[in-house]
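This report concerns only the one structure given below.
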Amino acid sequence: MMLARAIHFDESDMNIFHSPARTGEWCISGGFEFSNWSQADLTGKARQAFANGWLGVETFGRVSVVAVTQIEPPEFEALKTSLAQHFVQMYGAPSIEAAAHVAEDELRHMAELCDDQDPNTVLTVSRELTEAGVKESFRMIEPRDAGLDQFAIHGSLDEEPHSH
């Protein structure tokens, strides 16, 4: 099974997110955090987390870019437990057992996004608030196109977004 880890090409995430994810931690979309948001919530660093942030499942910080890599079943199970605990602590889920299926759904959604990608494929996310709720779009950048020099020189991604 494939999932994605936080990567940093530079120090920008340290400045744009309230709580940056740690390099190498497993990540999911984390769009659920914004389900009750309105335009009034979209300011400053919170807006940046909404617009482009993946959610680290260890620190629960945000990161702009993740890279696809293999995850082993025991690691996946540990992430499921950690995420379920987060749902109990932060969102008032009644128990870890009750939250486990939602945590697994979030992780499986990320795994489905990653499973068709080559290892080291770089992923970005963009979100917008619509009348129907939060709309997420994902971009996949092939490993050969994701060199550090390309990001440093060009600074933008010209790929077409893939909506899911």
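Note that these values count all heavy atoms, side chains included, but never hydrogens, waters or copies made by symmetry.
- What you find for Val122 and Ile7 is that their closest heavy atoms are CG2-CD1, 4.1 Å.
- Residues Leu129 and Val125 are members of separate hydrophobic clusters, defined by side-chain heavy-atom contacts under 4.5 angstrom among Ile, Leu, Val, Met, Phe, Trp and Tyr.
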side-chain contact (heavy atoms from CB on, under 4.5 Å) evaluation trace for Trp37 with Val134: CA-CA 9 Å; Trp37 281 36; Val134 176; 5.9 Å; no
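- Between the CZ atom of Phe60 and the CG atom of Leu83 there is a distance of 5.5 Å, given to the nearest 0.5 Å.
- Counting heavy-atom neighbours within 6.0 Å of Asn15 CG, excluding the residue itself, gives a total above 12.
- A 4.5 Å side-chain heavy-atom check between Ile28 and His109 finds every atom pair outside the cut-off.
- Not a single donor-acceptor pair under 3.5 Å links the side chain of Arg62 to the backbone N or O of Ile16.
- Between Phe17 and Trp54, the distance separating the two ring centers is not shorter than 6.0 angstrom.
- More than 12 heavy atoms of other residues, nucleotides or ligands sit less than 6.0 Å from atom CD of Gln70.
- Below 30°, between 30° and 60°, or above 60°: for Tyr91 and His86 the angle between ring planes is above 60°, a perpendicular geometry.
- When all heavy atoms of Glu128 and Phe50 are compared, the pair lying nearest together is C-CZ, 3.6 Å.
- Each of Val57, Val68, Leu107, Asp115 was compared with Leu3 under the side-chain contact (heavy atoms from CB on, under 4.5 Å) criterion, and only Leu107 meets it.
- Scanning both residues, Glu58 and Glu25, for their nearest heavy atoms gives N-OE1, 2.8 Å.
- Between Phe87 and Glu106 the shortest side-chain heavy-atom distance falls below 4.5 Å.
- With Thr69 as reference, Arg5 is the one residue of Gln117, Met2, Arg5 to meet the side-chain contact (heavy atoms from CB on, under 4.5 Å) rule.
- When all heavy atoms are compared, the tightest approach of Ala98 to Pro94 is CB-CG, 3.8 Å.
- Between Met110 and Ser29 the shortest heavy-atom distance is SD-N, 3.8 Å.
- The closest donor-acceptor contact from the side chain of Ser35 to the backbone of Gly31 lies at 3.5 Å or more, if one exists at all.
- When the shell of 6.0 Å around CE of Met14 is examined, it contains more than 12 heavy atoms from other residues, nucleotides or ligands.
- Closest heavy-atom contact between Ala6 and Ala21: CB-CB, 4.4 Å.
- Listed for the Asn52 side chain is no donor-acceptor partner under 3.5 Å among the backbone atoms of Ser64.
- When the side-chain hydrogen bond (donor to acceptor under 3.5 Å, both in side chains) test is applied to Arg47, no partner is found at least two apart in sequence or on another chain.
- Interatomic distance, Glu112 CD to Met1 CE, rounded to the nearest 0.5 Å: 9.5 Å.
- In the hydrophobic clustering of this structure, Phe32 groups with Leu123; members are Ile, Leu, Val, Met, Phe, Trp, Tyr whose side-chain heavy atoms approach within less than 4.5 Å, directly or through other members.
- Interatomic distance, Lys80 NZ to Arg108 CZ, rounded to the nearest 0.5 Å: 7.5 Å.
- Taken from OG1 in Thr81 to CZ in Phe76, the straight-line distance is 10.5 Å, to the nearest 0.5 Å.
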